[in-house]
Peer 1: 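Please see the structure below; I have some questions.
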Amino acid sequence: MVAIPEGPFLMGGDDPDAFPDDGEGPVREVRVSAFHIDPAAVTNAQFARFVKATGYVTEAERFGWSFVFHLLVRGEAAQRVLAGRSAAVPQWWLPVEGADWRHPAGPGSGIGERRNHPVVHVSWTDAACYAAWAGKRLPTEAEWEKAARGGLEQARFPWGDEFTPRGTHRCNTWQGEFPRRNTAADGYLDTAPVDAYRPNGFGLFNTSGNVWEWCADWFSPAWHAEPSDATRLDPAGPPDGTARVMRGGSYLCHESYCNRYRVAARTSSTPDSATGHVGFRCAA
């Protein structure tokens with residue numbers, strides 16, 4: 001794990017292209033105690049060892065289905081798309097029977113050649129159970145952001161303010177016209193290995209793009225706005241809520257729809273939700 005030193009940092013952002021309802025701001029000084037964090041997201045190989053040791057069954061496996069991005073649904077999986085999708089779910093997510101962490105694109109897919117890719121189709125509950133088994137925990141949102149910034153103050157990305165410095169791709173996001181055409185100019189159509197691209201200044205890989213990462217906190221767009229010890233000294237989020245924080249963006253993020261690959265960006269989902277672009281890393 002990577003050691004992150006104690007001290008303050010400027011958390012949040014005021015990017016003009018942020019989503020107002022996400023509560024990225026205000027920019028505020030937050031002090032975080034020293035902690036350790038995984039340099040990369042938990043891989044399929046690591047999660048497989050956890051399942052072998054414990055017999056754990058993920059929520060997607062218990063539900064019997066999970067959401068898969070439409071361009072990845074092929075062959076047998078295309079015959080297992082469930083009817084009755086909610087109107088609130090974007091059209092590019094298909095509920096596929098049999099999609100889970102072992103079968104990230106549904107039946108017929110596998111992880112044999114993706115052992116070093118991030119595990120996906122894991123809920124917040126699944127992630128927390130893995131972390132406890134590993135003797136770790138999920139990072140708080142403040143810990144995650146401090147580590148993700150890599151020591152840079154208020155940069156848009158973990159490496160600076162330019163998205164593709166000198167024309168070089170530094171993360172795995174959507175390239176092309178979302179959601180119909182991905183040119184894979186950054187090297188990947190969907191997930192990339194967890195150690196793809198250069199790490200940030202603290203040695204963390206892929207804190208922008210690739211997969212969303214669960215944090216420990218309940219989500220609120222406003223809880224953190226008022227200065228207090230609770231919101232400025234080792235903040236752990238509101239005491240309750242209906243959704244958990246996710247950070248970092250994913251391979252599906254694109255400036256035309258979801259530019260949440262910025263390091264200050266945030267979103268949320270219910271603790272039992274699991275899709276093909278959400279994973280996690282652990283802290284201690």
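The residues of the chain are indexed from 1 along the displayed sequence.
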Peer 1: Quick one, Ser269 and Met246 - any side-chain contact, counting heavy atoms below 4.5 Å?
Peer 2: yes
Peer 1: Main chain of Tyr251, side chain of Asn172: is a donor-acceptor contact present, judged purely on distance under 3.5 Å?
Peer 2: no
Peer 1: How far apart are the closest heavy atoms of Ser220 and Pro238, and which atoms are they?
Peer 2: CB-CG, 3.9 Å
Peer 1: With a 3.5 Å distance limit and no angle check, can you tell me whether Trp214 reaches the backbone of Asp126 through a side-chain donor-acceptor pair?
Peer 2: no
Peer 1: Carefully, step by step, assess Met11 and Glu141 under the rule side chain to side chain contact (heavy atoms under 4.5 Å, CB included).
Peer 2: CA-CA 10 Å; Met11 184 173 180; Glu141 184 177 15; 3.9 Å; yes
Peer 1: Between His121 and His103, is there a side-chain heavy-atom distance shorter than 4.5 Å?
Peer 2: no
Peer 1: Any chain of hydrophobic side-chain contacts (each under 4.5 Å) joining Trp101 to Val278?
Peer 2: yes
Peer 1: Ignoring hydrogens, what is the shortest heavy-atom contact between Ala185 and His169? Give both atom names and the distance.
Peer 2: O-CD2, 3.5 Å
Peer 1: Tell me whether Val96 shares a hydrophobic cluster with Leu82, the cluster being built from Ile, Leu, Val, Met, Phe, Trp, Tyr side chains joined at under 4.5 Å.
Peer 2: yes
Peer 1: Spell out, yes or no, whether Leu10 and Leu204 are grouped together once hydrophobic residues are joined by side-chain heavy atoms under 4.5 Å, including indirect joins.
Peer 2: no
Peer 1: Should the pair Glu143-Lys146 be classified as a salt bridge under the 4.0 Å nitrogen-to-oxygen rule?
Peer 2: no
Peer 1: Could you point out which residue of Asn44, Thr43, Asp195 forms a side chain to side chain donor-acceptor pair (under 3.5 Å) with Asn116?
Peer 2: Asp195
Peer 1: Hey, does the side chain of Gln79 reach the backbone of Arg74 with a donor-acceptor pair shorter than 3.5 angstrom?
Peer 2: no
Peer 1: Which value, rounded to the nearest 0.5 Å, describes the distance between Asp217 atom CG and Trp223 atom CH2?
Peer 2: 7.5 Å
Peer 1: In Å and rounded to the nearest 0.5 Å, what is the CG to OG1 distance from Asn206 to Thr191?
Peer 2: 10.0 Å
Peer 1: For Val245 and Arg266: C-alpha separation, side-chain torsions, deciding distance, then whether side chain to side chain contact (heavy atoms under 4.5 Å, CB included) applies.
Peer 2: CA-CA 7 Å; Val245 172; Arg266 60 202 300 259; 4.0 Å; yes
Peer 1: Is a side-chain donor-acceptor pair under 3.5 Å present for Glu162 with Thr164?
Peer 2: no
Peer 1: For residues Tyr188 and Asn210, is any side-chain donor paired with an opposing acceptor at under 3.5 Å?
Peer 2: no
Peer 1: Can you find a heavy atom in the side chain of Asn182 that is under 4.5 Å from one in the side chain of Gln175?
Peer 2: yes
Peer 1: Is a donor on one side and an acceptor on the other found under 3.5 Å between the side chain of His224 and the backbone of Gly25?
Peer 2: yes
Peer 1: Count I, L, V, M, F, W, Y as connected when their side-chain heavy atoms are under 4.5 Å apart, and connections chain through other members. Are Phe178 and Val89 then in the same cluster?
Peer 2: yes
Peer 1: If you look only at pairs with a residue in residues 108-121, which of them pass as a salt bridge (Lys or Arg N to Asp or Glu O under 4.0 Å), with sequence neighbours excluded?
Peer 2: Arg114-Asp190
Peer 1: For Trp212, does the six-membered ring have the charged nitrogen or CZ of Arg247 within the cation-pi criterion, i.e. under 6.0 angstrom from the centroid and within 45° of the normal?
Peer 2: no
Peer 1: Are side-chain heavy atoms of Thr207 and Phe202 found at a separation under 4.5 Å?
Peer 2: no
Peer 1: Strictly distance-based, threshold 3.5 Å: is any side-chain N or O of Arg260 a donor or acceptor partner for the main-chain N or O of Ala265?
Peer 2: no
Peer 1: For a quick test of reading the model, state the closest non-hydrogen atom pair linking Arg149 to Gly12 and the distance between them.
Peer 2: NH2-O, 3.1 Å
Peer 1: Which residues pass the side-chain hydrogen bond (donor to acceptor under 3.5 Å, both in side chains) test with Asp14, sequence neighbours left out?
Peer 2: none
Peer 1: At their closest point, which heavy atom of Ala155 faces which heavy atom of Asp161, and how far apart are they?
Peer 2: CA-OD1, 3.3 Å
Peer 1: Would you please test Arg156 and Asp17 for salt bridge (Lys or Arg N to Asp or Glu O under 4.0 Å) and show each step?
Peer 2: CA-CA 11 Å; Arg156 277 174 65 85; Asp17 52 351; 3.1 Å; yes
Peer 1: Please round to the nearest 0.5 Å and tell me the distance separating atom CG of Asp100 and atom OG of Ser66.
Peer 2: 8.0 Å
Peer 1: I'd like to know if Glu61 pairs up with Arg102 as an ion pair, taking the criterion as any Lys NZ or Arg NE/NH1/NH2 lying under 4.0 Å from an Asp or Glu carboxylate oxygen.
Peer 2: yes
Peer 1: Without hydrogens or angle criteria, can the side chains of Asp234 and Ser33 be said to hold a donor-acceptor pair below 3.5 Å?
Peer 2: yes
Peer 1: Do the ring planes of Phe163 and Trp159 sit parallel (below 30°), tilted (30 to 60°) or perpendicular (above 60°)?
Peer 2: tilted
Peer 1: Could you give the distance from CE (Met1) to SG (Cys282), rounded to the nearest 0.5 Å?
Peer 2: 6.5 Å
Peer 1: Please report the interatomic distance OG1(Thr54) to OH(Tyr130), rounded to the nearest 0.5 Å.
Peer 2: 10.5 Å
Peer 1: How many angstroms lie between OG1 in Thr267 and CZ in Phe219, if you round to the nearest 0.5 Å?
Peer 2: 6.5 Å
Peer 1: With ring pair (Phe, Tyr, Trp, His ring centres under 6.0 Å) as the test, pick out the partner of Tyr257 among Trp92, Phe19, Trp174.
Peer 2: Trp92
Peer 1: Indicate yes or no: at least one non-hydrogen side-chain atom of Arg170 is less than 4.5 angstrom from one of Arg198.
Peer 2: yes
Peer 1: Under 3.5 Å, is there a donor-acceptor pair between the side chain of Asn200 and the main chain of Pro158?
Peer 2: no
Peer 1: Closer than 3.5 angstrom, by distance alone: can the side chain of Ser208 be matched with the main-chain N or O of Tyr261 as a donor-acceptor pair?
Peer 2: yes
Peer 1: Is a side-chain N or O of Arg244 found less than 3.5 angstrom from the main chain of Ala216, in a donor-acceptor match?
Peer 2: yes
Peer 1: Ring pair (Phe, Tyr, Trp, His ring centres under 6.0 Å) with Trp133: which of Phe50, Phe47, Tyr56?
Peer 2: Phe50
Peer 1: Could you tell me which non-hydrogen atom of Glu24 sits nearest to which non-hydrogen atom of Ala264, and how far apart they are?
Peer 2: CG-O, 3.6 Å
Peer 1: Check whether Arg262 reaches the backbone of Asn259 with its side chain - one donor and one acceptor, N or O, closer than 3.5 Å.
Peer 2: yes
Peer 1: Check whether any side-chain heavy atom of His117 lies under 4.5 Å from a side-chain heavy atom of Ile111, and answer yes or no.
Peer 2: no
Peer 1: Would you say the side chain of Pro221 lies within less than 4.5 Å of the side chain of Asp21, judging by non-hydrogen atoms?
Peer 2: no
Peer 1: Hydrophobic clustering (ILVMFWY, side-chain heavy atoms < 4.5 Å, transitive) - are Val32 and Leu138 grouped together?
Peer 2: no
Peer 1: Would you call Pro139 and Phe280 a side-chain contact if the rule is heavy atoms closer than 4.5 Å?
Peer 2: no
Peer 1: Is there a donor-acceptor contact under 3.5 Å from the side chain of His254 to the main chain of Gly176?
Peer 2: yes
Peer 1: Would Trp93 and His277 count as a side chain to side chain contact (heavy atoms under 4.5 Å, CB included) if you check the C-alpha gap in whole Å, the side-chain angles of each, and the deciding distance to 0.1 Å?
Peer 2: CA-CA 11 Å; Trp93 285 117; His277 71 152; 3.4 Å; yes
Peer 1: Testing the basics here: between Cys258 and Cys253, what is the closest heavy-atom pair and its distance to 0.1 Å?
Peer 2: O-CB, 3.2 Å
